Enquirer: 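Please see the structure below; I have some questions.
Start at 1 and go down the list; that is how both ligands and their atoms are numbered. Just so it is clear, the model here is predicted, and its values are computed rather than measured.
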Amino acid sequence: MEEVLSYEEAVKRAGDSIYRFPLIDVQGVPLMSTVADNWKSISEFCPDPSDLLISTYPKVGTTWTQEIVDLLLHNGDAEVCKRAPIAVRIPFLEKFSAPPIPSGLDLLRQMKPQRVIKTHLPIELVPKGFWENKCKVIYTARNAKDNLVSYFHFERMNLTQPEPGPWDGYIHKFMKGECEKKRLVCWGSWYDHVKGYWKECKEKNILYLLYEDMKENPVREIKRIMHYLDLPVSEDIIERIAQLTSFQVMKDNPMANYSFMPKPVFDQSISPFMRKGEVGDWVNHFTPAQSKMFDEDYAIQMKDTNIPFRFSIH
Ligand code: PPS
């Protein structure tokens, strides 16, 4: 029988094979070298029609959406949803790190459908089996400035992704998104990512959620997910799920706050995974000049879409 290792033990055994993996171009999208090296098996993954995909650009509230979905599928049973770390309950499709840390595909192979699967892949790189099998897909997006701030802090503490470098340079890197010399950001352009899913969401029956809407009215958004998944969950359990997935409760939940990920991977003394969980924290980072420059570029990059992003909710 295969030995089941804790993250702690797996990371210890992986030792020096954990480092800030360089990014490699996969069909125009910069992905970690471990993902690029295993691209064939990732892209050939074939889901069951009952499998559900949670797709996001990094740092938009993926973990929040995952926890809500897991609770909805288990009728709000908090104990069942503490059966394993979120990264095990809902495997990360393209996650390849250093063996023996299990890859997303390793974890998925050990599970039976109906599985819930996380991905950060842009829509054009999602394995075609998801569309052929008409799997349900939930996409969560977040306003660009808060997304950028959250990603900046995450790349400081995630010791498997390239260093973000200084703040001012990071803004430019995020705005570019693509492979151009070394100014690139893992999973590519935020602009292309959010627009790609938005364009296809009616045709492909994708539920498109916004972080700001979830913050404004979590119960309303949890109900939207419930209806999309055709789940009969009572009003009081929806209220309970909203409570269990509040920022503070998730921050204190060791199965959701990534404290299970050892320090050589996520160094939470640099920046916690559950950092602030707010809308509008970008005002504490962007100078007025940076904000103006970003907005001007944003207007150009987003002129061909009408996604109702909000940069504040009050
Ligand atoms: S990842 O690594 O891409 O999966 O990260 P992701 O989960 O997408 O994003 C992390 C950010 O989401 C915030 N977060 C929450 N906000 C509000 N409520 C809840 N429950 C919640 N859970 C996670 C988390 O704090 C990160 O945002 P920042 O702005 O950095 O705090």
Enquirer: What atoms of ligand 1 come within less than 4.0 Å of a heavy atom belonging to Lys118?
Expert: 4 (O)

Enquirer: At what distance is the nearest protein heavy atom to atom 24 (C) of ligand 1, and which residue and atom is it?
Expert: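 So the nearest neighbour among protein heavy atoms is Phe273 O, 3.8 Å.
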
Enquirer: Taking distance alone, with N or O pairs closer than 3.5 Å, would you say His120 contacts ligand 1?
Expert: yes

Enquirer: Show which atoms of ligand 1 fall inside a sub-4.0 Å distance from at least one heavy-atom site of Pro58.
Expert: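 Numbered from 1, ligand 1 contributes 3 (O).
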
Enquirer: Is the Trp190 to Phe309 ring centre distance short of 6.0 Å?
Expert: yes

Enquirer: State whether the shortest distance between N or O atoms of Tyr211 and N or O atoms of ligand 1 falls below 3.5 angstrom.
Expert: yes

Enquirer: Answer side chain, backbone, both or neither: which part of Ala256 comes under 4.0 Å from ligand 1, heavy atoms only.
Expert: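 Neither part.
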
Enquirer: Quick one: CD on Glu9 to CZ on Arg13, what's the gap to the nearest 0.5 Å?
Expert: 4.5 Å

Enquirer: Consider every N or O of Met274 and every N or O of ligand 1, then say whether any pair is closer than 3.5 Å.
Expert: no

Enquirer: May I ask you to check whether Phe154 has an N/O atom sitting below 3.5 Å from an N/O atom of ligand 1?
Expert: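 By distance alone, the answer is no.
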
Enquirer: Ligand 1 versus Thr245, non-hydrogen atoms closer than 4.0 Å: side chain, backbone, both, neither?
Expert: backbone

Enquirer: Please write down residue, atom name and distance for the protein heavy atom closest to atom 8 (O) of ligand 1.
Expert: Thr62 OG1, 2.4 Å

Enquirer: Are any of the N or O atoms of Lys276 closer than 3.5 Å to those of ligand 1?
Expert: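 Yes, there is a polar N/O contact under 3.5 Å.
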
Enquirer: side-chain hydrogen bond (donor to acceptor under 3.5 Å, both in side chains), that's the test. Do Lys145 and Ser291 meet it? Break it down for me.
Expert: CA-CA 9 Å; Lys145 285 173 168 171; Ser291 185; 2.9 Å; yes

Enquirer: Got a sec, which residues hit salt bridge (charged side-chain N to carboxylate O under 4.0 Å, His left out) with Asp236, two or more places apart in sequence or on another chain?
Expert: none

Enquirer: Does CZ belonging to Arg240 count more than 12 external heavy atoms closer than 6.0 Å?
Expert: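 Open: at most 12 neighbouring heavy atoms sit under 6.0 Å from CZ of Arg240.
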
Enquirer: Would you check the N or O atoms of Thr63, main chain and side chain alike, for any that come under 3.5 Å of an N or O of ligand 1?
Expert: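 Yes, since at least one N or O of Thr63 sits under 3.5 Å from an N or O of ligand 1.
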
Enquirer: Tell me whether the centres of the aromatic rings in Tyr57 and Tyr151 are closer together than 6.0 Å.
Expert: yes

Enquirer: Salt bridge check, Lys223 against Glu235: does any charged N sit closer than 4.0 Å to a carboxylate O?
Expert: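 Looking at Lys223 together with Glu235, the answer is yes, because their closest N to O distance falls below 4.0 Å.
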
Enquirer: May I ask which of Lys215, Gln161, Lys59 has a heavy atom nearer to atom 9 (O) of ligand 1 than the others do?
Expert: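 Answer by nearest heavy atom: Lys59.
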
Enquirer: Quick one: which of Glu278, His153, Arg142 has a heavy atom closest to atom 27 (O) of ligand 1?
Expert: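 Answer by nearest heavy atom: Arg142.
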
Enquirer: So Tyr139 and Tyr208, would you call those rings parallel, tilted or perpendicular, with 30° and 60° as cut-offs?
Expert: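 Ring orientation, 0 to 90° scale: tilted.
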
Enquirer: Mark up the atoms of ligand 1 that fall under 4.0 Å of a heavy atom belonging to Ser246, in ascending order.
Expert: 20 (N)

Enquirer: Can you tell me the protein heavy atom closest to atom 26 (C) of ligand 1 and the distance?
Expert: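 Here the closest protein heavy atom is Ser150 OG, 3.7 Å.
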
Enquirer: Between Lys59 and Phe273, is NZ or CZ placed under 6.0 angstrom from the six-membered ring centre and within 45° of the ring axis?
Expert: yes

